[in-house]
Protein chains: 2
Amino acid sequence: MNRSKVTIKDVALEAGVSVATVSRLVNGTSIVSAATAAKIQETIQKLGYEPNLMARNLRKKETRVILIVCPNVTNPYYAHILAGITEASYQQGFSAVMYTTNCDPERELEGIQMLYKGRVDGAILMDGLRDHQVFYNAASRFPIVQCSEYVDTEIAPAVCIDNYQASRDMMAHLLGLGHTKIALISSNNDYVSTKIRTQAYKDSLLEAGLPVDPEYIKLGSSDYSFQSGRACALELLQSENPPSAIFCISDTFAFGSIIAAKELGITIPEELSISGFDDVEYTTMHHPFITTIAQPCYELGRTSAQMLFERLEKHSAETGLVYLDHQLVVRESTAKKKTYLTHQDTDLMVNNYSKEKK
Amino acid sequence: MNRSKVTIKDVALEAGVSVATVSRLVNGTSIVSAATAAKIQETIQKLGYEPNLMARNLRKKETRVILIVCPNVTNPYYAHILAGITEASYQQGFSAVMYTTNCDPERELEGIQMLYKGRVDGAILMDGLRDHQVFYNAASRFPIVQCSEYVDTEIAPAVCIDNYQASRDMMAHLLGLGHTKIALISSNNDYVSTKIRTQAYKDSLLEAGLPVDPEYIKLGSSDYSFQSGRACALELLQSENPPSAIFCISDTFAFGSIIAAKELGITIPEELSISGFDDVEYTTMHHPFITTIAQPCYELGRTSAQMLFERLEKHSAETGLVYLDHQLVVRESTAKKKTYLTHQDTDLMVNNYSKEKK
DNA sequence: TGGTTTACTGTAATCCTTTACATATAAGAT
DNA sequence: ATCTTATATGTAAAGGATTACAGTAAACCA
């Protein structure tokens, strides 16, 4: 392996000019005569010169590298955001280093160190930092943008969808279908998105004059695992008073719920409506296709990156929340509440008769 | 944003020692007295000093960064490999920059440039380079390891599963179930894995004394899209002489085939066996669970990274193929050939009677 | 013609480390 | 008492770029 690098000095020597001239040509920072330009170009070609980025960055005090801090690459939701970020980076001539935390607070911290060590110019955080003080310190010294999750939008901007409105939209859909016994499968993580979606669920119920039954709220695993969604649904469906609809805060929970329902011989959407959240790609790979909230993941990533570059290059310091549009997409897993009535239903109907659609 | 970096000089000044001493302490390259060590440590803490990696790397001529060239992050297969790579990198104290090519030959080329520019120490290629000359040049100058796909194993090592054996295993399974009309859904990309799997399909058939019918070989999209798998299966199943089993070289093709079969009212596995390849996570999220070849994606990534670090740190230059174990996992999508016979089947049975299991 | 601008190029400082080499002190050997 | 050796530290030279500053030659202006 021949690692002998040819430097700007070599080029200068060979072309019979000074290093400054070569540098100026390469960077286009100043005019060089056509004759010397040609000569330099030629020797660059001949020697195969490539500027050493470490040296350049040291001098310029910029790395043109951004950091992506992300809990987990294998989650398709994050993967799509990642794709958006990397594409935008590519187009801006930045490169992106990836740091996965697996939601380990210690690793979240270590990731941030790359900023302090000067290895990257800025960061996109997809993992809401547990330690707010660390976040505050980092965000006040370095350009940071939060994507999808966030801890504080005063000090660094965040781009995400309007989780509250999206959840209200979905609940409105379910309510509009005539469901009154709507359960929630939330998560035991402490993401803002989780909190907000849960709050919207409760608010929607209350606003519709329906009770918020703690028995109807189950918490799946923090990483939204399919199996934990199945377990929650099983509990819900085997209880005394099973719901007629389940609002899942993640598509994977919805998948798990569908499996659970099938295992119990419950048909979807005839006997049970299930809704998801995120619209990951495999929502339409098996029937029933899932009714869900589509998040513009790729755009989320792209926008975050663009905002970061804006910060880096124009030294802008806008903060606050940036909402990208979500979309309620109604597919096969939700339908009007069934007309067949159990005894319990009949009991309930005494109180809620006017709310039944049919 | 206060970007004022504190340098080693500041620390030295404050602690009343020379920069060399500070450097020695920080890097542990030489003994410093306990007293001064304590003093330096203290001032480092006080000033919040972090060594500038650009300067360090420039001096040391190493970046401790590796490059990951990958077609597409959103593909869960690659995502898992990526996870393995990033984990191994983290443990070795390296960071990983990601470069996605979307299989664009131009971008494959650009990715490689990072090596020449000295931004990274080595690379893991998951996208077999189209341009063999470029690959050859790069691989002879820089430490490169190929993962999953490869173009040449003489000049740079490759880690993957034994695609030939794996495909033979799957075909043996299908054949063992009594299937004689086995179709193939391959891909129109030119990956070695595709070629090898296709070859194994043909060899298995021939070895079993069965004909290789070109009508039974369909080519899905180069990126293994679900929809193209569905389209291929539809063609196959609606033909004059539909197969009783389909060997898909990718799980996504298998998913598409299952959907296609369902659309045509064909039951799986009773009327049609379908097998996948890769064992991406959602093979078990819907019934029928897919019979497939499990690839150790995470390990593939981890091993590749470890081999790269070996090359980097021990300057080893081992080449050749490294096979990781695959596994045939039999689930619900394959079963014995059905006993119900069509006229065509009866015709065929005259010749193949002894091969029928029941 | 003398002065001013323009176009181009060169010299050397700078970015922040690491490290080869030199130095100084103290301890150990003879 | 002198000569090594070990220990601990400092000085200054890389490393490969960018760029402030300076300089030269030609062109332009009055």
Side-chain angles (χ1 to χ4, degrees), chain A residues 3-41 43-44 47-65 93 113-121, chain B residues 3-41 43-44 47-65 93 113-121:
Chain A
R3 294 296 280 292
S4 69
K5 281 291 296 181
V6 13
T7 73
I8 197 170
K9 218 168 166 179
D10 301 326
V11 176
L13 209 68
E14 179 83 11
V17 296
S18 76
V19 290
T21 308
V22 178
S23 174
R24 280 190 277 251
L25 177 69
V26 170
N27 293 285
T29 47
S30 172
I31 292 173
V32 310
S33 77
T36 46
K39 177 128 208 170
I40 294 173
Q41 289 287 19
T43 52
I44 285 179
L47 303 184
Y49 168 68
E50 288 281 349
N52 180 310
L53 293 183
M54 292 300 145
R56 171 180 290 175
N57 297 338
L58 172 59
R59 182 59 228 252
K60 286 202 177 181
K61 289 191 171 197
E62 62 163 27
T63 64
R64 294 194 79 75
V65 178
Q113 292 303 310
M114 305 202 79
L115 287 161
Y116 288 95
K117 293 192 181 171
R119 178 164 287 199
V120 296
D121 291 343
Chain B
R3 295 296 281 293
S4 69
K5 282 290 296 179
V6 11
T7 72
I8 198 169
K9 216 169 166 178
D10 301 326
V11 176
L13 210 68
E14 180 82 12
V17 295
S18 76
V19 290
T21 308
V22 178
S23 174
R24 279 189 278 252
L25 178 69
V26 170
N27 293 284
T29 48
S30 172
I31 292 172
V32 308
S33 76
T36 45
K39 178 129 208 168
I40 294 172
Q41 289 288 19
T43 50
I44 285 179
L47 304 184
Y49 168 69
E50 289 281 349
N52 179 310
L53 293 183
M54 292 301 145
R56 170 179 290 176
N57 297 338
L58 172 59
R59 183 59 227 253
K60 287 203 180 180
K61 288 193 169 197
E62 62 162 28
T63 63
R64 293 195 79 74
V65 178
Q113 293 304 310
M114 306 203 78
L115 287 161
Y116 288 94
K117 293 190 181 172
R119 176 163 287 199
V120 296
D121 291 343

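Remember, it's a predicted structure, so these values are computed and weren't measured experimentally.
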Using a 4.0 Å heavy-atom cut-off, does B:E50 contact any base of the nucleic acid, only the sugar-phosphate backbone, or nothing at all?
sugar-phosphate
Over all strands shown, is B:V17 touching base, sugar-phosphate only, or nothing at heavy-atom distances under 4.0 angstrom?
sugar-phosphate
When rounded to the nearest 0.5 angstrom, what distance separates CG in B:L115 from OG1 in B:T63?
9.5 Å
Working to the nearest 0.5 Å, report the span between CZ of B:R59 and CZ of B:R56.
12.5 Å
When the distance from [atom1] of [X] to [atom2] of [N] is rounded to whole Å, what number comes out?
{"X": "B:R64", "N": "C:dT17", "atom1": "CZ", "atom2": "P", "answer": "18 Å"}
{"X": "A:E62", "N": "D:dA17", "atom1": "CD", "atom2": "C1'", "answer": "13 Å"}
{"X": "B:K9", "N": "C:dA13", "atom1": "NZ", "atom2": "P", "answer": "13 Å"}
{"X": "B:N52", "N": "D:dG15", "atom1": "CG", "atom2": "P", "answer": "19 Å"}
{"X": "B:N57", "N": "D:dG16", "atom1": "CG", "atom2": "C1'", "answer": "13 Å"}
{"X": "A:L25", "N": "D:dA17", "atom1": "CG", "atom2": "C1'", "answer": "15 Å"}
{"X": "B:L53", "N": "C:dT18", "atom1": "CG", "atom2": "C1'", "answer": "13 Å"}
{"X": "A:I8", "N": "C:dA12", "atom1": "CD1", "atom2": "P", "answer": "17 Å"}

So A:V65 and B:V65, do their side chains get closer than 4.5 Å, heavy atoms only?
no
So, OP1 or OP2 of [N]: does either fall under 4.0 Å of a side-chain N or O from [X]?
{"X": "A:S30", "N": "C:dT9", "result": "no"}
{"X": "B:S18", "N": "D:dG10", "result": "yes"}
{"X": "B:K61", "N": "D:dG16", "result": "yes"}

Please output the side-chain donor-acceptor pairs of residues 12-24 of chain A that fall under 3.5 Å, not counting sequence neighbours, one pair per line with the distance.
unit_1, atom_1, unit_2, atom_2, d
A:E14, OE2, A:K46, NZ, 2.6
A:S18, OG, A:A20, N, 3.4
A:S18, OG, A:T21, N, 3.4
A:S18, OG, A:T21, OG1, 3.2
A:S23, OG, A:N27, ND2, 3.3

Name the atoms and distances for all side-chain donor-acceptor pairs under 3.5 Å in residues 47-55 of chain B, with sequence neighbours left out.
unit_1, atom_1, unit_2, atom_2, d
B:N52, OD1, B:M54, N, 2.7
B:N52, OD1, B:A55, N, 3.0

The criterion is side-chain contact (heavy atoms from CB on, under 4.5 Å); which residues satisfy it with A:A37, sequence neighbours excluded?
A:L25, A:V32
Under the side-chain contact (heavy atoms from CB on, under 4.5 Å) rule, collect the residues that match up with B:R64, sequence neighbours excluded.
A:R119, B:E62, B:F94, B:E313
Rounded to 10°, the helix from C:dT1-D:dA30 to C:dT30-D:dA1 deviates from straight, judged by its five-pair end axes, by 50°
Strictly under 3.5 Å: I want the nitrogen or oxygen pairs between protein and nucleotides 19-25 of chain C, one per line.
none

